[in-house]
Structures are given as structure tokens and as C-alpha cells.
Amino acid sequence: MGPLGHGVRRRSGDRAGDLPRERLPADPERGGPAARGFTAANGEYTIVEAIAWATLGSVAGALLLYAIGAVVGMDRLRLVAQKMPLVDVSDVDKADVWFSKHGSKAVFFGRLIPGIRSLISIPAGVDRMPMGRFFLMTLAGSALWNTALVSAGYALGSRYHLVEQYIDPISKVVYVLIIVTFLVWVGFLVRRSRRRSHDPDDQVDLEAGTDR
């Protein structure tokens, strides 16, 4: 590259290749699309291409997690539930019924929530949600998410890393809610187990319902 080329590169210090390492996004799910938007603003490719590539990556990752969930399957999950303390097979069946009714909404909106975006694909696979429906819901949700983040990175320019700073607190709140929900669920299971230990008829009724 000649002197002129070097001069142009120095003056365009906001280009993605010239960014200091500490300003690169730490989380590809959040900073990645914003970084693509910043790169698009510098003319490396169009914003539409940036959104398309980011969405393609999201969908590919979701399909992989869906496949993992499908390999596990509901039958294996029931076998695991039978061997787990406090958990009943009926708990798995209830979750299966719920996901069968609301799975499409769960996948679509789940793709818009930090901390849940990737995880939602696993129960979809376990439930064996129809692949076409899963693909469309994942594509739609991922496209909205990536459009927002790529556009933010495009508008912010060299400050695109601020996107992660704004989203990070939301992710932390979601993680806390997940932990609290899990603890509440465990508490419910413990109380149910204690209740059954004092009321054998409750356990008999449960087994009768399971046999049906």
C-alpha cells in the first residue's frame, strides 16, 4: 500500500480493523450485531447484508441447540424425571402440554430476550416442535433482534460498544429472574414432597392419574 493508502487508513481510524482489542465486543450475541452495524457504516458491506449475516448466524446456532434438545427427547426426559428426587413424570408432561400450546410464542419472544435467546431452542427441540414452525419463529425473532442491534451499531459508529453496556443490565436481571424462578420451583417441589409424606392418599391419587 502506497503513502496515500496509509494516510487514508490513518484518517479512518474508526474502521473495524483498526479498533483496539479492548473495544471489541465481549459477547457475540450482543456486541456482534452492533459491530457488524459499525462495519457497515464504514462501507465494508451494506446494513442489509450485516443484518442478514447476523441473522443467519443466530438461526444456525438455534438449529444446533434444537438438534441437541431433539436428541434428548421427551421420552428420555421422562426417564430422567423418574430417577430425580422431588420431580414427577407428570411435571414433564405438564411442561410438554404447555409448550405444545405456547411454544411458537415462546420461541419468537424468547429470541428477543437476552439470556434466553439461545436456551429457548433446547425445549423446542425436546418437544419436537415442527421444524418449519421453529425455523420461521426463530428467523422472525432473530431478524428483529439483529435489525435493532445492527441499526444501533450503524448509528453509534465507533461507540457501538455502548450497545452491550445498555443490554448487559437487562441480561443480569433476566439471569436473576431465572435463578429466583428455579429456587421457587425447588421450594414448591420440596413442600409437595413433604405434604405427600404426611398424606399417602395424595401419592396414591398421583399414581392413579399417571396410570391413566
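We use all heavy atoms of the structure for the numbers below, so side chains are in, but hydrogens, waters and symmetry mates are not.
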If only atom types and distance count, is the side chain of [X] paired as donor or acceptor with the main-chain N or O of [Y] below 3.5 Å?
X      : Y      : answer
Asp127 : Pro123 : no
Asp91  : Asp88  : yes
Arg76  : Val71  : yes
Tyr66  : Met129 : yes

Exercise for review: For the pair Leu63 and Phe134, evaluate side chain to side chain contact (heavy atoms under 4.5 Å, CB included) and give the outcome as yes or no after the intermediate values.
Suggested key: CA-CA 9 Å; Leu63 290 174; Phe134 173 78; 3.8 Å; yes
Exercise for review: Decide if atom CZ of Phe135 counts as having more than 12 heavy atoms of other residues, nucleotides or ligands within a radius under 6.0 Å.
Suggested key: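 Count not over threshold, so no.
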Please find the pair of heavy atoms, one from [X] and one from [Y], that lie closest to each other, and give the distance.
X      : Y      : answer
Thr55  : Ala143 : OG1-CA, 3.7 Å
Ala81  : Val92  : CB-CG2, 3.6 Å
Phe99  : Ala124 : CE2-CA, 3.5 Å
Pro114 : Val174 : O-CG1, 3.3 Å

Exercise for review: Among Tyr154, Phe38, Tyr166, find the residue that satisfies the ring-ring contact (aromatic ring centres under 6.0 Å, His included) test when tested with Tyr160.
Suggested key: Phe38
Just verifying a value: how many Å separate [X] [atom1] and [Y] [atom2], rounded to the nearest 0.5 Å?
X      : Y      : atom1 : atom2 : value
Asp75  : Leu79  : CG    : CG    : 7.0 Å
Leu139 : Arg111 : CG    : CZ    : 10.0 Å
Leu149 : Leu156 : CG    : CG    : 10.0 Å
Leu119 : Ile113 : CG    : CD1   : 11.0 Å
Met137 : Ser104 : CE    : OG    : 5.5 Å
Leu77  : Met84  : CG    : CE    : 9.0 Å

Exercise for review: Kindly determine whether Asp93 and Arg78 satisfy side chain to side chain contact (heavy atoms under 4.5 Å, CB included), including the steps that lead there.
Suggested key: CA-CA 8 Å; Asp93 292 334; Arg78 290 189 180 97; 2.7 Å; yes
**Study point:** Trace of the side chain to side chain contact (heavy atoms under 4.5 Å, CB included) decision for Leu65 with Ser118
**Key:** CA-CA 8 Å; Leu65 292 174; Ser118 299; 3.7 Å; yes
Is there a side-chain contact between [X] and [Y], using heavy atoms and a 4.5 Å cut-off?
X      : Y      : result
Val190 : Val186 : yes
Trp98  : Lys94  : no
Trp53  : Asn146 : no

When clusters are formed by joining ILVMFWY residues with side-chain heavy atoms under 4.5 Å apart, either directly or through shared neighbours, do [X] and [Y] land in the same one?
X      : Y      : answer
Ile51  : Val59  : no
Val97  : Ile120 : no
Val150 : Leu144 : no
Leu64  : Ile122 : no
Val126 : Met131 : no

**Study point:** Test log, rule side chain to side chain contact (heavy atoms under 4.5 Å, CB included), inputs Ile116 and Ile178
**Key:** CA-CA 9 Å; Ile116 297 180; Ile178 292 174; 4.2 Å; yes
Exercise for review: Using side-chain contact (heavy atoms from CB on, under 4.5 Å) as the criterion, point out the one residue from Leu183, Thr181, Leu189 that pairs with Trp185.
Suggested key: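 Running side-chain contact (heavy atoms from CB on, under 4.5 Å) over Leu183, Thr181, Leu189 with Trp185 returns exactly one hit, Leu189.
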Point to revise | Pairing of Arg128 and Asp96 as salt bridge, 4.0 angstrom limit | key: no
